[in-house]
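First up is the structure itself, then whatever we jot down about it.
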Amino acid sequence: MISVFTKPQLLAFGPNKNSISFILPQFSLKFNLQMARSAIDEMSDTGAFKRTASTFRNFISREPNSTFPPESGRYHLYVSYACPWASRCLAYLMIKGLEKAITFTSVKPIWERTKESDEHMGWVFPASATEEPDAEPDPLNGTRSIRELYELASTNYVGKYTVPVLWDKKLKTIVNNESSEIIRMFNTEFNDIAENATLDLYPSHLRAQIDETNEWVYNGINNGVYKCGFARKQGPYEQAAKELYKALDKCDEMLGKQRYICGNTLSEADIRLFVTLIRFDEVYAVHFKCNKKLLREYPNLFNYTKDIFQIPGMSSTVNMQHIKRHYYGSHPFINPFGIIPLGPDIDYSSPHDRNRFSS
Ligand SMILES: N[C@@H](CCC(=O)N[C@@H](CS)C(=O)NCC(=O)O)C(=O)O
């Protein structure tokens with residue numbers, strides 16, 4: 001039998017590893033991927049993925065004389081429904097009851113060229129409200145891309161153009177682009193406005209435990225799936241995959257004894273874990289090669305994911321169309337033809353067994 005499809009051959013990494021050339025022999029097609037200033041640049045010489053730190057780190061605070069006080073209608077959250085880090089923030093917006101106080105917009109799911117003058121690929125807004133379901137043109141600044149927002153906020157910005165972006169309409173700047181900090185602000189600083197002010201996802205008695213959990217969940221799972229997917233050598237991939245499954249096994253075991261990851265109370269650590277789990281079987285198992293075991297093969301983790309999904313407000317933050325189209329469509333070095341797998345199409349609103357624990 002003659003195989004029609006042959007593997008794309010990696011020809012070369014470009015200068016500073018910012019570009020990659022592929023050739024697909026069956027079509028004599030050559031891709032020149034210039035991915036400056038994006039996740040694709042975050043490769044170390046060992047072939048391992050290394051995430052860089054976020055840049056805008058201001059805080060909205062209730063303290064007197066705060067530059068960024070928590071005013072209703074003043075802030076806007078730019079997200080992609082595809083992005084797990086942005087989805088954390090969106091989840092907080094919904095479950096804290098902040099959707100009237102803080103507006104939000106989602107970009108289009110698939111990365112596009114952000115400028116004519118260079119090859120950067122990144123998040124862009126649709127040109128009209130009807131172009132892309134669940135995405136909207138930038139309602140505040142009329143920008144075409146998240147990159148333009150960063151350039152509005154800082155004329156000499158050098159770095160990635162990531163979502164989430166928490167924008168201040170009054171000072172016309174980025175307050176913060178680090179999701180782990182944005183969720184802390186949403187948890188406490190808007191409690192005079194939040195409809196669900198009493199919900200505290202980072203209560204003082206659980207803080208040490210939440211911090212400790214976040215640490216291994218981030219390294220093993222949240223960032224772990226990216227370390228698997230973006231590895232460019234076998235060794236770093238295998239190391240990341242082992243760490244990932246060690247962490248998932250640990251979660252499954254813990255969740256056999258308690259409803260949530262830090263006990264029987266919902267906490268920040270659950271929201272941070274959930275955004276990765278909900279993408280696991282639909283995307284990471286295939287696209288990022290996290291296939292040693294599927295989420296639905298872990299009884300406790302699978303039921304737990306359904307439980308969190310069914311918290312009022314949460315399901316509206318999960319847009320599986322955007323999620324799948326983004327990952328399978330925005331990383332041509334992993335999936336050159338952009339084919340989106342049909343399955344598994346899991347119904348996370350189906351019954352779960354987590355009510356067996358008191359909460
Ligand atoms: N540390 C950031 C990470 C955000 C992040 O990496 N976002 C990705 C999407 S999932 C992004 O916007 N990437 C754009 C790029 O790599 O160019 C956070 O947690 O807020």
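Along the sequence shown, the residues carry numbers beginning at 1. First listed ligand is number 1; within each ligand, the first listed atom is number 1.
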Please confirm whether M121 comes within less than 3.5 Å of ligand 1 when only nitrogen or oxygen atoms on both sides are compared.
no
Please classify the R51 to ligand 1 contact at 4.0 Å (heavy-atom distances, strictly less than): side chain, backbone, both or neither.
side chain
Do the non-hydrogen side-chain atoms of R272 and I183 ever get within less than 4.5 Å of each other?
yes
Stepwise side-chain hydrogen bond (donor to acceptor under 3.5 Å, both in side chains) test for R51 and N223
CA-CA 8 Å; R51 189 179 290 279; N223 201 33; 2.8 Å; yes
L77, F68: one ILVMFWY side-chain cluster at the under-4.5 Å cut-off?
yes
I want to confirm something. Looking only at heavy atoms, which of V163, V79, T162, T52 is nearest to atom 13 (N) of ligand 1?
T162
Which atoms from ligand 1 have a heavy atom of P164 less than 4.0 Å away?
20 (O)
Under 4.0 Å between a Lys/Arg side-chain N and an Asp/Glu carboxylate O for R184 and E189?
no
Atoms in ligand 1 with a heavy atom of W111 nearer than 4.0 Å:
13 (N), 14 (C), 15 (C), 16 (O)
Side chain, backbone, both or neither: which applies to N177 and ligand 1 if a contact is any heavy-atom pair less than 4.0 Å apart?
backbone
Evaluate whether atom CD of E297 has more than 12 neighbouring non-hydrogen atoms of other residues, nucleotides or ligands under 6.0 angstrom away.
yes
Going by heavy-atom distance to atom 20 (O) of ligand 1, choose the closest among S330, P84, S179.
S179
Per-atom contacts, ligand 1 versus W123 - under 4.0 Å to a heavy atom
9 (C), 11 (C), 12 (O), 13 (N), 14 (C)
Could you tell me whether S180 and ligand 1 have an N or O pair separated by under 3.5 Å?
no
What class does the angle between the rings of Y226 and Y327 fall in, given that below 30° is parallel, 30 to 60° is tilted and above 60° is perpendicular?
tilted
Is any NZ, NE, NH1 or NH2 atom of the basic residue among K108 and E132 found under 4.0 Å from an Asp or Glu carboxylate oxygen of the other?
no
Find all atoms of ligand 1 within a distance of less than 4.0 Å from any non-hydrogen atom belonging to S54, and give their numbers and elements.
1 (N), 2 (C)
For ligand 1, is any non-hydrogen atom under 4.0 Å from Y226's backbone (N, CA, C, O), its side chain (CB onward), both, or neither?
side chain
Has N196 got a side-chain atom pairing as donor or acceptor with I95's backbone, closer than 3.5 angstrom?
yes
Below a 4.0 angstrom heavy-atom separation, can you tell me which part of C83, side chain or backbone, both or neither, approaches ligand 1?
both
